[in-house]
There are 2 protein chains.
Amino acid sequence: MGKKLTINDIARLAGVSRQTISRVLNEKEEVSEATRKQVLRVIEEHGFQPSLQARSMVTRKTNTVALLLPDIKNPFFAEIVCGIERTLREKQMNVFLFTTDEDLEREVSFINLAQNYNVDGMILCSPRLDDANLRKLIPNISPVVLLNRDLEADGAASVMVGAQHGGYTATKHLIEQGHTRIGIIVGPPLARSSVKRLEGYKKALEEHGLSIDPELIVTVETPNEGIHRLTQHLIKNKVTGITTYNDISAAYVIQACTEMNMNVPGDISVIGFDGVILSQVMNPSLTTMALPLFEMGETIANTLIKMIKGTEPYERLTNIYPLLKKGNSTRVK
Amino acid sequence: MGKKLTINDIARLAGVSRQTISRVLNEKEEVSEATRKQVLRVIEEHGFQPSLQARSMVTRKTNTVALLLPDIKNPFFAEIVCGIERTLREKQMNVFLFTTDEDLEREVSFINLAQNYNVDGMILCSPRLDDANLRKLIPNISPVVLLNRDLEADGAASVMVGAQHGGYTATKHLIEQGHTRIGIIVGPPLARSSVKRLEGYKKALEEHGLSIDPELIVTVETPNEGIHRLTQHLIKNKVTGITTYNDISAAYVIQACTEMNMNVPGDISVIGFDGVILSQVMNPSLTTMALPLFEMGETIANTLIKMIKGTEPYERLTNIYPLLKKGNSTRVK
DNA sequence: TTGTATGCGTTATCAG
DNA sequence: CTGATAACGCATACAA
């Protein structure tokens with residue numbers, strides 16, 4: 001708790017004005033080599049570190065980005081965060097973390113909070129805010145990068161997962177394996193991409209001349225809840241393939257199948273989404289629509305950095321497409 | 001980008017001094033109901049939010065805690081972070097996130113950085129800093145809570161996982177299932193708890209009159225690398241039970257067993273550590289030494305809060321013991 | 001109950 | 001090349 005030295009203390013100790021200290025701190029050229037060395041010596045000797053707080057009061061820059069996401073336990077977000085953090089770090093920027101648990105109230109209050117901290121920019125993952133309110137907020141919080149939300153507005157950019165493409169590809173894979181009765185587990189309504197995935201699913205069925213049976217389309221209301229029941233429903237309706245909204249849900253589906261004495265992939269093929277590490281270590285390993293999560297984080301961070309610097313143009317909209325990664329949870333019927 | 005209003009602007013708009021604004025902002029009682037209402041109206045009307053930065057310059061409080069951890073992708077940390085975040089949030093405190101990737105240099109630079117931000121406290125997870133240097137740093141960064149590191153120093157508290165107890169219990173479980181040749185995969189050297197787990201392993205063997213075979217003790221050098229090879233080594237040495245340092249490594253072990261046509265738990269019993277969600281969704285589900293990770297996060301945060309407030313005493317050392325959670329990856333030999 | 005003066009630790013501006 | 005002065009936005013102490 002040694003009371004911190006300030007720039008004034010150093011100035012006194014070095015026998016120069018505090019302005020000179022500030023100059024060497026900021027590597028301004030207008031200072032003689034002799035005094036520079038002397039000042040650096042004193043700084044070193046006392047281990048002086050300038051207060052970033054005070055500095056940002058006057059520079060109006062905090063070198064800090066607020067990161068808002070629903071749940072850090074979800075590996076989908078954890079891996080993205082990893083990419084974001086790593087990339088920002090390289091640019092000497094720091095991360096303020098807020099997790100919202102998909103709670104609208106917390107979301108709003110965190111956005112306010114971040115704003116009051118004068119962060120340089122924000123990254124918003126699946127905000128529950130409706131379009132109108134979000135749009136209203138953007139002028140105050142820009143620049144901002146949105147994950148999985150396409151809102152065209154000044155000071156906002158979007159990075160989107162190609163959910164429709166993913167739903168299409170997954171379904172097509174099952175069809176090509178000979179499956180004709182294919183169930184889809186649609187994610188919680190808050191996942192905006194759910195609708196898109198479903199569109200892709202329908203498109204694939206139609207393209208292959210298969211009819212769309214509403215009984216085979218089931219929706220999870222609360223994250224990872226009721227999946228066993230929904231799986232039972234699908235099995236009763238004679239599906240031989242199931243496509244799910246993420247890898248964890250796929251794991252639960254496989255558990256449910258096993259409980260009902262249905263073998264995966266023997267009796268039922270299951271396909272996941274995201275491609276998190278779980279998909280590799282599961283048994284059977286999971287066929288999944290793999291997303292380059294770390295790279296997504298990099299893209300998000302790089303876009304935001306460009307917006308903050310304002311020197312180079314940035315992509316207003318980036319689409320990231322998942323790739324089919326074949327595991328042992330699907331096979332020819 | 002609407003330029004932000006300051007307390008001065010509001011004062012002018014409300015026709016009072018900025019001091020009065022400050023008073024209603026901080027809910028001081030010494031202000032007449034009439035002016036209070038009037039001021040609040042103006043604040044509301046213009047959506048004024050005070051700058052937390054400026055405020056903390058004078059109060060010397062940032063309401064911010066720095067959280068340093070190796071890897072947010074590791075569900076062990078992710079779940080702990082969740083508990084930390086949630087608990088701090090309730091006390092209106094925020095989290096500054098730094099991930100170090102177990103890199104000593106980044107660790108040191110982040111600790112410095114956090115210090116320059118004037119955070120109110122720090123949470124350090126598995127710092128690579130050696131004891132001497134860490135101890136030297138603590139006066140500058142205290143209060144600080146250490147995860148899995150017991151360093152007795154003023155301004156520092158520790159939350160420890162009962163690794164020896166865990167290693168002991170896991171091994172004992174296998175012995176009680178009739179296993180006599182039990183392998184242990186020791187975690188990367190950076191995991192300080194590895195040594196303790198090994199001690200518990202040895203203790204259990206000795207207590208049951210089993211000899212310690214060095215061939216059955218193998219060490220992972222880099223996280224999750226070479227586990228297949230190490231598992232093969234153990235199998236060649238006729239083990240029927242393997243205890244591992246976390247759930248992910250256990251999953252890899254099971255994969256390796258499967259590749260060698262050894263059934264789990266038929267031929268080999270495998271036991272994990274941590275009890276993250278993976279252990280539940282795996283097939284077979286994993287027997288593991290489950291840790292109350294979320295609660296650990298709560299404990300860490302609550303300890304730090306007590307230290308920051310300085311009004312109530314806090315535990316300098318908290319031990320958290322894992323509980324055996326029986327899954328389907330172990331069975332009677 | 002309200003207002004005035006002062007300072008938190010830094011950078012920016014302008015003189016010298 | 002260097003130093004004095006003002007400013008960033010707020011809270012604290014003291015005065016009215």
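Throughout, protein chains are lettered first and strands after them, A, B, ... in sequence-line order, and every chain is numbered starting at 1.
- Annotation for K61(A): atom NZ counts as buried by contact number, over 12 foreign heavy atoms lying within 6.0 Å.
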Stepwise side chain to side chain contact (heavy atoms under 4.5 Å, CB included) check, V24(B) with I43(B): CA-CA 10 Å; V24(B) 335; I43(B) 287 179; 4.1 Å; yes

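- In summary, the side chains of T62(A) and D120(A) do present a donor paired with an acceptor at a separation below 3.5 Å, with no hydrogens or angles considered.
- Within the structure, every pair that satisfies the salt bridge (Lys or Arg N to Asp or Glu O under 4.0 Å) test and touches residues 37-59 of chain A, not counting sequence neighbours, is listed here: R41(A)-E45(A).
- Remark: of the listed residues L147(A), V145(A), L137(A), I111(A), I111(A) is the sole one forming a side-chain contact (heavy atoms from CB on, under 4.5 Å) with L124(A).
- With sequence neighbours left out, the ring pair (Phe, Tyr, Trp, His ring centres under 6.0 Å) criterion links F98(B) to F96(B), F110(B).
- Electrostatic pairing of R128(B) and D103(B) does not count as a salt bridge here, judged by no charged N lying under 4.0 Å from a carboxylate O.
- Residues from residues 6-25 of chain B that place a heavy atom under 4.0 Å from any atom of DNA chain C, listed by number: V16(B), S17(B), R18(B), Q19(B), T20(B), R23(B).
- Read 5' to 3', the first and last nucleotides of DNA chain D with an atom closer than 4.0 Å to a heavy atom of chain A are dC1(D) to dG9(D).
- Applying the ring-ring contact (aromatic ring centres under 6.0 Å, His included) definition to pairs two or more places apart or across chains, none involves residues 66-95 of chain B.
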Step-by-step side chain to side chain contact (heavy atoms under 4.5 Å, CB included) determination, M93(B) to T64(B): CA-CA 5 Å; M93(B) 307 211 65; T64(B) 299; over 6 Å; no

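- Taking every heavy atom of residues 46-64 of chain A and every atom of DNA chain D, pairs under 4.0 Å involve M57(A), V58(A), R60(A), by number.
- Between the side chains of Q115(B) and N140(B), not a single donor N or O lies within less than 3.5 Å of an accepting N or O.
- Put simply, CG on N116(B) is 13 Å from C1' on dT10(C), counting in whole angstrom units.
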